[in-house]
Engineer: 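Take a look at this one; I'll ask things after.
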Amino acid sequence: MSGTHTSNDLAQGLKQRHVTMLSIAGVIGAGLFVGSGHAIAEAGPAVLLAYAAAGTLVVLVMRMLAEMAIASPDTGSFSTYADKAIGHWAGFTIGWLYWWFWVLVIPLEANAAATILHAWFPDVGIWVFTLVITLLLTATNLFSVKNYGEFEFWFALLKVVAIVAFIILGAAAIFGLLPNSQVSGVSHLFDTQGFMPNGMGAVLAAMLTTMFSFMGTEIVTIAAAESKDPGKQITKATNSVIWRIFLFYLVSIFVVVALVPWNHSDLAEVGSYQTVLNLMGIPNAKLIVDIVVLIAVTSCLNSALYTSSRMLFSLSKRGDAPAVAQRTTSTGTPYCAVVLSTAAAFLTVIANYLAPAQVFEFLLASSGAIALLVYLVIAVSQLRMRRQRMARGEKIAFKMWLFPGLTWATIVFIVGILTVMLIRPDHRIEIVATGLLSIAVVAAGLLVARKRKAEAAGRVVLNN
């Protein structure tokens with residue numbers, strides 16, 4: 001095919017500002033604007049503890065991932081490190097599960113965006129919008145990584161501006177500086193059945209809900225491999241993850257629970273941001289939030305396409321996915337991986353229409369525990385890789401704090417959450433779905449490995 005080559009040279013087209021914005025906005029999805037309302041309704045003001053715990057876990061996992069990524073930047077990121085540190089089956093399994101996670105995100109985010117657009121233009125069907133949005137973003141991802149970076153830069157900037165504006169308005173309302181506001185002060189943190197109205201169990205349940213809104217922080221280690229100075233980019237992004245989670249999640253959620261009683265009926269139905277803006281007397285609150293959510297879901301969709309295609313490309317490089325996924329255009333874009341990932345997303349959409357609801361719900365449930373599995377694999381890989389590197393006497397440029405104690409603590413914590421999910425009836429389906437999916441992936445991986453071994457043995461016999 002003219003103009004294409006199958007070498008590993010993905011274009012290094014991402015600029016520093018692209019990677020910076022990618023890392024900032026990777027954590028701001030529709031989950032923050034819409035999903036946070038459910039978590040607040042579940043746990044009350046103590047939802048802040050859930051966000052703080054989930055945020056701390058993400059900071060620690062990112063630190064571990066950065067240590068490995070700075071030593072050897074790779075588009076396969078943690079899947080490649082798991083391959084080296086734990087074994088081929090681990091890299092294969094987590095790579096495919098992660099790809100699956102993002103492929104599922106594509107139709108979900110497209111559907112969320114289409115629902116908003118459909119409300120504005122009721123004559124056009126939701127499926128038409130879903131199709132158009134997905135095709136448009138697939139097209140931008142096919143041209144070059146620079147396009148993806150540029151799109152994401154502006155999407156991210158708008159999201160950040162929206163959240164900062166919300167926090168400023170919230171602070172003004174708390175101090176009683178907004179003339180039309182029906183709410184002020186921070187009394188709602190305690191005055192409606194206390195700070196933790198539904199007990200610690202509810203905080204734990206809310207933490208499971210919030211966990212997945214953080215998925216996406218790790219994209220920066222995948223994207224950095226396509227930038228000029230990966231080590232520097234990853235270091236900056238990892239060091240700033242602490243203040244980003246603090247500002248975007250903890251501060252903005254604090255504004256919500258301080259100004260609105262946690263059991264306000266609108267929180268779970270309308271979403272936390274819109275409820276607060278309505279009570280502050282901000283005109284066109286619904287329209288404003290809809291526009292911001294539309295930008296957020298489009299940005300997540302864009303990232304989902306990018307991330308799933310790069311993971312597929314990396315799996316293909318290691319012989320764990322169809323060889324065709326390695327093909328790149330003359331500008332270094334893995335176009336086959338982009339098309340295959342989009343095609344898989346379209347298949348899930350079709351399955352959603354044709355198959356009974358339970359099938360799609362089961363597939364969707366599997367995405368829940370995948371985030372925790374990814375985190376667990378990163379922690380175990382870092383533990384093993386650091387020991388291998390110390391044994392070889394290598395100098396480590398960027399280190400996980402308090403090794404190995406903090407790494408072990410993180411592993412125990414994640415295993416604890418997974419156990420709780422298995423015990424709780426409302427989350428058991430997630431563990432079961434992910435478990436069955438993992439077993440299927442591992443089985444496929446073993447078959448691929450056996451076939452490769454047989455082929456290699458065949459070649460040796462022929463050569464002799």
Side-chain angles (χ1 to χ4, degrees), residues 19-20 22-24 26-27 51-87 90-91 93-95 97-98 207 210-212 214-225 227 229-246 249-250 307 311 314 370-418:
V19 180
T20 307
L22 257 179
S23 61
I24 289 176
V27 287
Y51 273 105
T56 305
L57 178 62
V58 171
V59 168
L60 295 176
V61 168
M62 271 303 288
R63 185 89 195 176
M64 291 186 242
L65 182 55
E67 181 190 300
M68 299 184 286
I70 287 165
S72 56
D74 191 288
T75 304
S77 188
F78 51 84
S79 165
T80 312
Y81 310 141
D83 201 318
K84 290 176 189 164
I86 304 172
T93 309
I94 209 68
L97 285 177
Y98 188 72
M207 185 183 159
T210 55
M211 215 48 243
F212 312 115
F214 287 125
M215 191 75 164
T217 341
E218 68 299 316
I219 293 177
V220 68
T221 60
I222 293 170
S227 70
D229 187 353
K232 194 172 126 201
Q233 307 286 11
I234 296 170
T235 307
K236 276 181 68 176
T238 309
N239 288 335
S240 66
V241 80
I242 300 173
W243 68 257
R244 293 195 317 254
I245 286 176
F246 176 75
Y249 279 88
L250 288 172
T307 313
M311 188 52 81
S314 171
I370 290 175
L372 285 166
L373 273 184
V374 167
Y375 293 161
L376 186 60
V377 163
I378 291 170
V380 174
S381 301
Q382 188 261 335
L383 189 69
R384 291 189 157 188
M385 276 182 108
R386 168 77 78 93
R387 287 192 173 145
Q388 288 168 7
R389 291 172 67 194
M390 281 160 72
R392 291 197 296 267
E394 284 180 30
K395 189 173 175 293
I396 297 161
F398 189 90
K399 291 181 177 176
M400 170 62 182
W401 305 296
L402 303 174
F403 181 84
L406 205 47
T407 301
W408 272 114
T410 308
I411 292 171
V412 170
F413 184 64
I414 297 171
V415 171
I417 300 174
L418 288 167

Engineer: Step by step, would you call Arg386 with Met64 a side-chain contact (heavy atoms from CB on, under 4.5 Å)?
Structural biologist: CA-CA 10 Å; Arg386 168 77 78 93; Met64 291 186 242; over 6 Å; no
Engineer: Quick check against the 3.5 Å criterion: does Arg244 have a side-chain atom that pairs as donor or acceptor with the backbone of Ala237?
Structural biologist: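 Judged by distance alone, yes, a pair lies under 3.5 Å.
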Engineer: Does a sphere of radius 6.0 Å around CH2 in Trp401 hold more than 12 heavy atoms from other residues, nucleotides or ligands, not counting ones at 6.0 Å or beyond?
Structural biologist: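 Yes, because the 6.0 Å sphere around CH2 of Trp401 holds more than 12 heavy atoms from other groups.
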Engineer: Would a 4.5 Å heavy-atom cut-off, applied to side chains only, mark Ile222 and Tyr98 as touching?
Structural biologist: yes
Engineer: Restricting to non-hydrogen atoms, name the atom on Ala71 and the atom on Arg389 that form the minimum distance, rounded to 0.1 Å.
Structural biologist: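 For Ala71 versus Arg389, the nearest heavy atoms are CB-NH1, 3.4 Å.
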Engineer: I'd like to know if the side chain of Tyr81 and the backbone of Ser72 have a donor-acceptor N/O pair within less than 3.5 Å.
Structural biologist: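 Yes: the side chain of Tyr81 pairs with the backbone of Ser72.
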Engineer: Restricting to non-hydrogen atoms, name the atom on Ala54 and the atom on Phe214 that form the minimum distance, rounded to 0.1 Å.
Structural biologist: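 Of all heavy-atom pairs spanning Ala54 and Phe214, the closest is CB-CE1, 3.5 Å.
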Engineer: Hey, could you give me the CG/OG1 distance between Leu65 and Thr217, rounded to the nearest 0.5 Å?
Structural biologist: 9.5 Å
Engineer: What distance do Thr235 atom OG1 and Phe398 atom CZ have between them, rounded to the nearest 0.5 Å?
Structural biologist: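 So the gap between those two atoms works out to 5.5 Å.
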Engineer: Taking all non-hydrogen atoms of both residues, which atom of Ala85 and which atom of Met385 are closest, and how far apart?
Structural biologist: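 Taking Ala85 first and Met385 second, the nearest heavy atoms are CB-CG, 3.6 Å.
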Engineer: Between Glu67 and Met400, what is the shortest heavy-atom contact and its length?
Structural biologist: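 Minimum heavy-atom separation between Glu67 and Met400: OE1-N, 2.8 Å.
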Engineer: Of the non-hydrogen atoms in Ala66 and Ile234, which two are nearest, and what is the gap between them?
Structural biologist: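 Looking at all heavy atoms of both residues, the shortest contact is CB-CG2, 3.8 Å.
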Engineer: Between Arg63 (side chain only) and Thr238 (backbone N and O only), is there a donor and an acceptor less than 3.5 Å apart?
Structural biologist: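 No: the side chain of Arg63 does not pair with the backbone of Thr238.
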Engineer: Under 3.5 Å, is there a donor-acceptor pair between the Ser314 and Thr75 side chains?
Structural biologist: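 On atom types as modelled, these side chains do not qualify, holding no pair under 3.5 Å.
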Engineer: Short question: side chain of Gln233, backbone of Ala224 - any donor-acceptor pair under 3.5 Å?
Structural biologist: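 No; zero donor-acceptor contacts below 3.5 Å.
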Engineer: Does Thr407 use its side chain to pair, donor to acceptor, with the backbone of Phe403 at less than 3.5 Å?
Structural biologist: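 No: the side chain of Thr407 does not pair with the backbone of Phe403.
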Engineer: Between CD of Gln382 and CZ of Arg387, what distance do you get to the nearest 0.5 Å?
Structural biologist: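 Between atom CD of Gln382 and atom CZ of Arg387 there are 9.5 Å.
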Engineer: If you measure from CE on Met311 to CG on Leu97, what distance do you get to the nearest 0.5 Å?
Structural biologist: 10.5 Å
Engineer: Kindly say whether Ala90 contributes a backbone atom to a donor-acceptor pair with the side chain of Thr93 at under 3.5 angstrom?
Structural biologist: no
Engineer: For a 4.5 angstrom cut-off between non-hydrogen side-chain atoms, does Tyr375 reach Thr410?
Structural biologist: no
Engineer: With a 3.5 Å distance limit and no angle check, can you tell me whether Ser79 reaches the backbone of Gly91 through a side-chain donor-acceptor pair?
Structural biologist: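 Yes, Ser79 side chain to Gly91 backbone: donor-acceptor pair under 3.5 Å.
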Engineer: Might you point out which heavy atoms bring Ile70 and Gly231 nearest each other, and give the distance in Å?
Structural biologist: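 Taking every non-hydrogen atom into account, CG1-O, 3.8 Å.
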Engineer: What's the spacing between Met68 CE and Lys84 NZ if we round to 0.5 Å?
Structural biologist: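 The CE atom of Met68 sits 10.5 Å away from the NZ atom of Lys84.
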Engineer: Apply salt bridge (Lys or Arg N to Asp or Glu O under 4.0 Å) to Glu218 and list each qualifying residue two or more places apart in sequence or on a separate chain.
Structural biologist: none
Engineer: Roughly how far, to the nearest 0.5 Å, is the CD1 atom of Ile396 from the CE atom of Met390?
Structural biologist: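 Rounded to the nearest 0.5 Å, the CE-CD1 separation comes out at 6.5 Å.
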